[in-house]
Amino acid sequence: MSSHSPARLRLHDSRQRRIVDFQPIDPGHVRLYYCGPTVYDLAHLGNLRANLTADLLVRLLRVLYPRVTYVRNVTDVDDKINARAAELGISIGTLTDATLADFHADLAALGVLPPDIEPCATAHVGEMIAMIARLVEDGHAYEAEGHVLFSVRDFPGYGQLSGRDPEALLAGARVEVAPYKRDGGDFVLWKPSPAELPGWDSPWGRGRPGWHIECSAMSHRYLGESFDIHGGGTDLIFPHHENERAQSLCAHPHGEFARFWVHNAMLLVDGEKMSKSLGNFLTIRDILARAPAEAIRLLLMRTHYRSVLDFSDAGLIEARRELDRFYRGLEAHPGVVAGALPDSVLSALTDDLNTPAVLAAMHRLADAAIAGDARAASGLRAAGAQLGLLALDPSEWFRGGEDAVEIEAAITARLEARRVRDFARADAIRAEWLARGVAMEDGPAGTTWRRVPAGGTA
RNA sequence: GGUCCGGUGGCAGAGUGGUGAUGCAGCGGACUGCAAAUCCGCGAAUGUGGGUUCGAUUCCCGCCCGGACCUCCA
């Protein structure tokens, strides 16, 4: 167990590559920005991991500080969107609206709280153009063949976030370097857009923004030149965050952009990398069809956010069993309400979001609650509320669903079989229902039932 | 090839310069018609070779293995 003060947040900062004390710029108002979805397809488990990490961080910050503003953008102008809309034969707006609605529904199903501000890129092109114009004016960017490019040579801090050698970055991509770039590492701020694709008038002609500028423009608009935390997956560190940082620091040289950078590690599925380009990604919807939402949520919290997580069905079943244990703790104290968040839970959370340690603390609370400790049950409830877990009534967790009448009838039939000591028949009924995902359990007070993974051995 | 991260019981997964959490699985016992749940108890791990140290799983170096990034990615 960590021994630091429970209310002092220690957080890993990617730029410094170490765990540091989190010091907000304004302790009265913590501000953070996360890179949100590009809305062209259903969200997958990797997206969920990033958004859940943000959710846990924001929930914790709200406990520690009086005011938190969490901004998560929506990328609704992008080449992948254009391609997808054309492929489906629908308008870009139809695609982005529908995808965003799906995204919201999926995250809500997982208990991920919405951000305070969710700006769309297409609503902030004016801010992007203004920022690009400023970069051009100050000599940090140049126009070439209708494109506007950021000059990485010009920014001495380039490479600092991702820990890369600036000289090597000047060379840029290994494969192709557009001929109009001064240095291979220069990246696009603005590019020309043909009539059939989304475009906006600009000082450089009709065009659309490059990938990175929207986050710089929108974080500035809503959080200012300097804010506390910027987050996302580790795969965004380079080039996306490195470029955002370069743009923002050059456009606003008196600001510090993001003070702390929080990045979650990638997720594997059965040991394999999951990515959109490989096409092997599991969507949030796929998994919701296979397991209770809280089990999915807990599964993701069983691994620290900075460690690679290998998603598997076995893990899902284990997560479900852990929740069984927690709900048994609550079931032992009907009507228990959340009390104060136990220090064991808070100190684990403030220790760089050590969720595995939080779960260990919750197991101790559940053990105590089952043994009769009402205060522990109350603490367990509070821990669950903090993590976005244990939101159900125990009876709903164990016995929710629609076939309760049929199950009760089977139990009655089985009790009769037991009464006449026809144990073969009693066992057959129990086995049949277990295969259907219902475990029948005989106790001193009669027979109860609960749901288990279908075909399971629980 | 370059940069970075990591290797902990059967599996999952934390922490720590000095008795190595927690969960799942397993084993023994209580309870049960038998199970389940619950309770009591048990076994089980720091990739490898060096170095620093009174002491290393932890710090340093080499090696082996895995992963990430290197301009689509959460």
Side-chain angles (χ1 to χ4, degrees), chain A residues 1-3 14 17 34-38 43-54 78-80 83 159 162-165 168-169 171-178 184-188 210-212 231-240 242-243 263-268 271 273-278 281 298-299 302-304 306-310 312 314-315 317-322 324-325 328 331-332 348 351 354-364 366-367 370-371 398 418 421-424 426-427 430-431 434 439-444 447-450 452 457-458:
Chain A
M1 214 67 276
S2 89
S3 56
S14 307
R17 279 170 210 77
Y34 257 78
C35 290
T38 299
H44 58 66
L45 280 182
N47 297 314
L48 177 61
R49 191 179 196 197
N51 285 99
L52 178 64
T53 302
D78 177 273
D79 289 351
K80 291 189 293 295
S162 55
R164 278 154 216 265
D165 173 19
L169 290 178
R174 290 166 299 174
V175 188
E176 45 173 328
V177 175
D186 292 353
F187 55 89
V188 170
W211 178 28
H212 318 295
T234 55
D235 53 348
L236 292 182
I237 295 175
F238 189 87
H240 186 51
E242 187 74 68
N243 290 353
H263 291 99
N264 59 279
M266 297 294 96
L267 175 144
L268 306 176
K273 180 191 172 182
M274 184 174 78
S275 77
K276 291 179 179 177
S277 62
L278 293 178
F281 62 92
L298 185 139
L299 170 57
R302 294 175 79 219
T303 302
H304 184 89
R306 283 190 291 109
S307 294
V308 173
L309 161 59
D310 190 0
S312 68
I317 289 171
E318 269 193 48
R320 208 167 151 164
R321 297 182 76 101
E322 281 195 59
D324 284 345
R325 180 77 185 175
R328 275 187 200 109
E331 197 171 39
D351 185 13
N354 190 342
T355 49
V358 172
L359 296 176
M362 287 173 70
H363 276 289
R364 287 194 290 273
D367 290 348
I370 289 169
F398 287 119
R418 289 181 69 209
R421 304 192 68 78
D422 181 357
F423 294 122
D427 290 352
R430 185 171 61 193
L434 184 58
M440 294 180 178
E441 299 170 340
D442 308 321
T447 298
T448 59
W449 64 277
R450 66 189 170 92
V452 296
T457 52

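Note that the structure is a prediction, hence the values are computed from the model and not measured. Letters A, B, ... are given to chains in the order of the sequence lines, protein chains preceding strands, and every chain is numbered from 1.
Of the candidates B:U22, B:A14, B:A74, B:A14 carries the atom nearest the A:T303 side chain, counting heavy atoms from C-beta on. With distances taken from any side-chain atom of A:E322 to the nucleotides B:G23, B:G33, B:A74, the minimum falls on B:G23. Which of B:C34, B:A74, B:U71 sits closest to the side chain of A:F238 comes down to B:U71. Each of B:A74, B:A14, B:G33 was ranked by its minimum atom distance to the side chain of A:P356; first place goes to B:A14. Counting only heavy atoms from C-beta on, A:E441 has its side chain closest to B:A35 among B:A35, B:A74, B:C72. Proximity note for A:A357 (side chain, C-beta onward) versus B:U71, B:A14, B:C69: the nearest is B:A14.
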Worksheet, complete the sentence: Pairs under 3.5 Å (Watson-Crick or G-U), crossing ones as [ ], inter-strand ones as |: RNA chain B comes out as (((((((..(((.....[...))).(((((.......)))))....(((((..]....))))))))))))....
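Computed from coordinates, the A:R450 CZ to B:A35 C1' distance equals 12 Å when rounded to whole Å. Remark: P of B:G23 and CG of A:L299 are 17 Å apart, rounded to the nearest angstrom. Taking atom CZ of A:R164 as the reference point, atom P of B:C70 lies 7 Å away to the nearest angstrom. A straight line from CD1 of A:I237 to P of B:G2 spans 21 Å, rounded to a whole angstrom. Rounded to a whole Å, the CG atom of A:D235 is 17 Å from the P atom of B:C5.
A:M362 comes within 4.0 angstrom of nothing in the nucleic acid, heavy atoms only. Contact annotation for A:H304: backbone-only contact, meaning every heavy-atom pair under 4.0 Å involves sugar-phosphate atoms and none involves a base. In this structure, A:R328 reaches the sugar-phosphate backbone alone: every heavy-atom distance under 4.0 Å involves primed, P, OP1 or OP2 atoms, never a base. Among the protein residues, A:S307 comes within range of the sugar-phosphate backbone only, with heavy atoms under 4.0 Å from sugar or phosphate atoms but none that close to a base. In this structure, A:E318 reaches the bases: a heavy-atom distance under 4.0 Å links it to at least one base atom across the strands shown. Within 4.0 Å of A:G315, counting heavy atoms only, lies no atom of the nucleic acid at all. Base contact: A:A360 has a heavy atom under 4.0 Å from a base atom.
One donor-acceptor pair, N or O on each side, does fall under 3.5 Å between the base of B:C34 and the side chain of A:D442. Within 3.5 Å, a donor on the side chain of A:D427 pairs with an acceptor on the base of B:G33, or the reverse.
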Discussion item. Evaluate A:H363 against A:E322 for side chain to side chain contact (heavy atoms under 4.5 Å, CB included), listing each step before the verdict.
Written reply: CA-CA 8 Å; A:H363 276 289; A:E322 281 195 59; 2.7 Å; yes
What protein N or O atoms touch nucleotides 39-42 of chain B N or O atoms at under 3.5 angstrom, if any, and at what distances?
| residue | atom | partner | partner atom | Å |
| --- | --- | --- | --- | --- |
| B:C39 | OP1 | A:R325 | NH2 | 3.2 |
| B:C39 | OP2 | A:R325 | NH1 | 3.4 |

